[in-house]
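Input: a single structure, listed below in structure tokens.
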Amino acid sequence: MKHAILTAALAAGVAMPIAANATDLEVTHWWTSGGEAAAVKVLADNFNETGNTWVDSAIAGSGSTANPIIISRILGGNPMGATQMNTGRDAEELIKAGLMLDLTDLAEKENWAEKIRPAKLLGACEYDGRIYCVPINIHSWQWMWLNRHVFEDNGIPVPTNWQELVDAAPALQEAGVIPLATGQPWQVDGIRNVMQVAIGGVDNYLAVNGDKDPDAVMSDENRAIWEAFAQARDMVDDAYSGRDWNVATNMVIQGDAAAQIMGDWAQGEFAQAGQEAGVDYDCLPGLGNNPVLDTGGDAFYFPKTDDPDITAAQLELASMLVSPETQVEFNLVKGSLPVRGDVDLEAANACMKKGLEILANPENVLPSTEQLLDSDTQGQITDLALEFFSSDMTVDEALEQQQSIIEQAM
């Protein structure tokens, strides 16, 4: 398949550069689960074919763990050659400080603006009219994953939306199954984040996070989000705190838990376990209520360097990341969607096809909270979500605190 894709890429006039000088390029990322490691290998192998060498520097944990380490290294004068970060505003201060490589000339030469879609994805890499990162995939948080066999074996209808899972929770608990698997703080916050659209609706999501409208926080739609989040805290097990996301996913795969609200990167774990979408597991975009996707995902940034060989290798990696070959291979393994609309994904499974169908309608595509809220506001909302989930805080108290945060948001 790789040869066929490469042939197609060459036929389409896509440049596959070979390095004039072989260069070791350290690449930092936080892709360490089984499915993620397989996806990283695709990138490393393809980059090594340029004549350069991918020097892997994985950071265990999530982005919330890795980002401070990445930023500290760059600010401390010990930058890596390239680094994965979320598509959004995480690197904004580094760009303002002039510490990131400007990719505008490469982007214009390769016409990224015409190839990368939706347009807002490349727009998230733009600062002051210049391009500073390469989006590599479209990841969305807006998914719920279900083990079909757990429900079928216990005579419970397989849920098609959030409320049906809530209704099934007592029977699942009686059967010794955890209704909802979760783990570390960012996963808990992710549940509430997904519910912003899935329960509260698109208009409320944009009003709260985009317009920063404090009145929207106190709306019935936003109240429904926190009420659903309260239902979720009654559906998890007592030992969830600190659990890795892929461990929670494996609980669903093994049947110890019935469901997980997690981004589409979870699909890579189901694939690694030999699970088949629609047979062994189901995926519900928008919790089965509002089938939309946010345009989050992963991007690569390239810290500035005085070494011309490293700069050349950085640009080769940037070009490779958006090539048709890499986009197909990487995203099929990662479980994410490609940033290019002109690649063949005939091999996509049922869940990926759901995502592609949603993505085809621009009205179903939303900016992620990373693109709408600055890091400080995101942190405050996360703290509130965690306090609510681990206590008996009331919905009214949560709404009052969220309103105060949004009133001060940038």
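Quick caveat, the model's predicted, so the values are computed rather than measured. By convention here, the first residue in the shown sequence is residue 1.
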Taking atom CG of Asn111 as the centre, does the number of heavy atoms from other residues, nucleotides or ligands within less than 6.0 Å exceed 12? yes
Taking only Lys NZ, Arg NE, NH1 and NH2, and the carboxylate oxygens of Asp or Glu, determine whether Arg73 and Glu26 approach each other closer than 4.0 Å. yes
Using distance alone, with no hydrogens and no angle criterion, decide if Thr382 and Asp189 have a side-chain donor and acceptor under 3.5 Å apart. yes
Determine, using ring centers only, whether Phe229 and Phe389 are less than 6.0 Å apart. yes
Could you measure the distance from the OH atom of Tyr240 to the CG atom of Leu180? Nearest 0.5 Å is fine. 11.0 Å
Taking atom types as modelled, is there a side-chain donor on Ser336 or Asn331 under 3.5 Å from an acceptor on the other? yes
If you count the non-hydrogen atoms of other residues, nucleotides and ligands that lie under 6.0 Å from NZ in Lys96, is the total more than 12? yes
Polar contact flag, side-chain donor to acceptor under 3.5 angstrom, Asp307-Thr305: no
So does Asp396 pair up with Arg223, basic N to acidic O under 4.0 Å? yes
Distance only, no hydrogens: is a donor on one side chain within 3.5 Å (strictly under) of an acceptor on the other, for Ser219 and Asn204? yes
Tell me if the aromatic rings of Trp265 and Trp143 count as close, with their centers under 6.0 Å from one another. no
Would you call Arg340-Asp342 a salt bridge at under 4.0 Å N-O? yes
Residues that Asn67 engages under side chain to side chain contact (heavy atoms under 4.5 Å, CB included), provided they are two or more places apart: Trp30, Ile70, Met85, Asp90
Using a 3.5 Å distance criterion without hydrogens, assess whether the side chain of Glu269 forms a donor-acceptor pair with backbone atoms of Gly35. yes
Does any donor atom in the side chain of Gln196 or Asn222 lie under 3.5 Å from an acceptor atom in the other side chain? no
Under 4.0 Å between a Lys/Arg side-chain N and an Asp/Glu carboxylate O for Asp237 and Arg243? yes
His139/Asp294 under side chain to side chain donor-acceptor pair (under 3.5 Å): CA gap, chis, key distance, verdict: CA-CA 8 Å; His139 264 317; Asp294 53 29; over 6 Å; no
Donor-acceptor pair between Asn290 and Gln142 side chains, under 3.5 angstrom: no
Quiz question: by atom type and distance under 3.5 Å, do the side chains of Thr50 and Asn52 form a donor-acceptor pair? yes
Sub-6.0 Å ring centroid separation between Trp31 and Phe330: yes
Are Gln378 and Asp374 close enough that a side-chain donor and a side-chain acceptor fall under 3.5 Å? no
Tell me, please, whether Phe388 has Arg233 positioned over its six-membered ring: NZ or CZ under 6.0 Å from the ring centre and within 45 degrees of its axis? yes
